[in-house]
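So the structure is just underneath, and the comments pick up after that.
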Amino acid sequence: MILDKDGNISIITQEKATIVELVKKIEALYPKFKRDNIIVNLSSLGAISLENIVEFLQVSNTHRGNNLSFVLVTSNTNLSETPDEIVVVPTLKEAYDIIEMEEMERDLGL
């Protein structure tokens, strides 16, 4: 797991471990980036199943409940099958765009 910061955005990149291991690491290290918007970059992994995406649901719901963005990045899954409760986009640029839009919505009280 590689952790980078870009302003108020923490970017978590996964290269080798399983999704379950990654979710456990994110939960363990959560206090380190709980005040940031989070992008989890899974682009370097192979195919991502719906079950793998759902593994992030708990941490995503917790984070979004704190009025912060949580976005998964992968083009290796069927985006039409992902649950509406979790944000999944195919590129890092789109992840930044989602965060920007969500921040505007929060500023406007939407």
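It should be emphasised that the depicted structure is a prediction, and the values quoted were computed from it without experimental measurement.
With hydrogens and angles ignored, the 3.5 Å screen pairs no side-chain donor or acceptor of Thr77 with any backbone N or O of Leu79. Looking only at distances, no side-chain donor or acceptor of Asn41 sits under 3.5 Å from a matching main-chain atom of Gln14. Although no hydrogens or angles enter the test, the distance criterion places a donor-acceptor pair under 3.5 Å between the side chain of Asn78 and the main chain of Ser80. In terms of modelled atom types and a separation under 3.5 Å, the side chain of His63 and the main chain of Asp36 share a donor-acceptor contact.
Of the candidates Val88, Val87, Val89, Val88 is the only one forming a side-chain contact (heavy atoms from CB on, under 4.5 Å) with Thr82. Here the options are Ile38, Leu3, Asp6, Val73, the test is side-chain contact (heavy atoms from CB on, under 4.5 Å), and the partner is Ile11; only Asp6 passes.
The CD atom of Glu103 lies 11.5 Å from the CE atom of Met101; values are rounded to the nearest 0.5 Å. Separation of atoms OG1 (Thr91) and CD (Glu94) is listed at 3.5 Å; rounding is to 0.5 Å. How far OG1 of Thr18 is from NZ of Lys24: 8.0 Å, rounded to the nearest 0.5 Å.
For NZ of Lys5, the number of neighbouring non-hydrogen atoms (other residues, nucleotides, ligands) closer than 6.0 Å is greater than 12. At most 12 heavy atoms of other shown residues, nucleotides or ligands fall within 6.0 angstrom of atom CD in Glu100.
In the hydrophobic clustering of this structure, Ile26 groups with Leu57; members are Ile, Leu, Val, Met, Phe, Trp, Tyr whose side-chain heavy atoms approach within less than 4.5 Å, directly or through other members. Under a hydrophobic clustering in which Ile, Leu, Val, Met, Phe, Trp and Tyr are joined whenever their side-chain heavy atoms come within less than 4.5 Å, directly or via other members, Ile98 and Val40 fall into different clusters. Hydrophobic clustering (side-chain heavy atoms under 4.5 Å, transitive across Ile, Leu, Val, Met, Phe, Trp, Tyr) keeps Val71 apart from Leu45. In this structure, Leu92 is not a member of the same hydrophobic cluster as Met1, with clusters built from ILVMFWY side-chain heavy atoms closer than 4.5 Å. The same ILVMFWY cluster, assembled from side-chain heavy atoms under 4.5 Å apart, contains both Ile86 and Val23.
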Worksheet entry | Working for side chain to side chain contact (heavy atoms under 4.5 Å, CB included), residues Ser69 and Arg106 | CA-CA 10 Å; Ser69 299; Arg106 288 190 287 268; 3.2 Å; yes
Discussion item. Go through it in stages, so that I can follow the logic: the residues are Ile9 and Ile39, the test is side chain to side chain contact (heavy atoms under 4.5 Å, CB included), and I'd like the CA-CA distance, side-chain angles, deciding distance and then a yes or no.
Written reply: CA-CA 7 Å; Ile9 300 173; Ile39 296 173; 3.8 Å; yes
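Between Phe70 and Phe56, the ring-plane angle classifies as tilted under the 30° and 60° cut-offs.
Between the side chains of Glu102 and Asn37, no donor-acceptor pair is found at a separation under 3.5 Å.
Lys34 and Leu68 make their closest contact through O-CD1, 3.0 Å (heavy atoms, listed as atom of the first residue, atom of the second, distance). Nearest heavy-atom pair across Ser43 and Asn76 is O-ND2, 3.7 Å.
Annotation: side chain of Ile12 is not in contact with side chain of Lys25 (no heavy-atom distance under 4.5 Å). The closest side-chain heavy-atom distance from Ile48 to Ile19 is below 4.5 Å.
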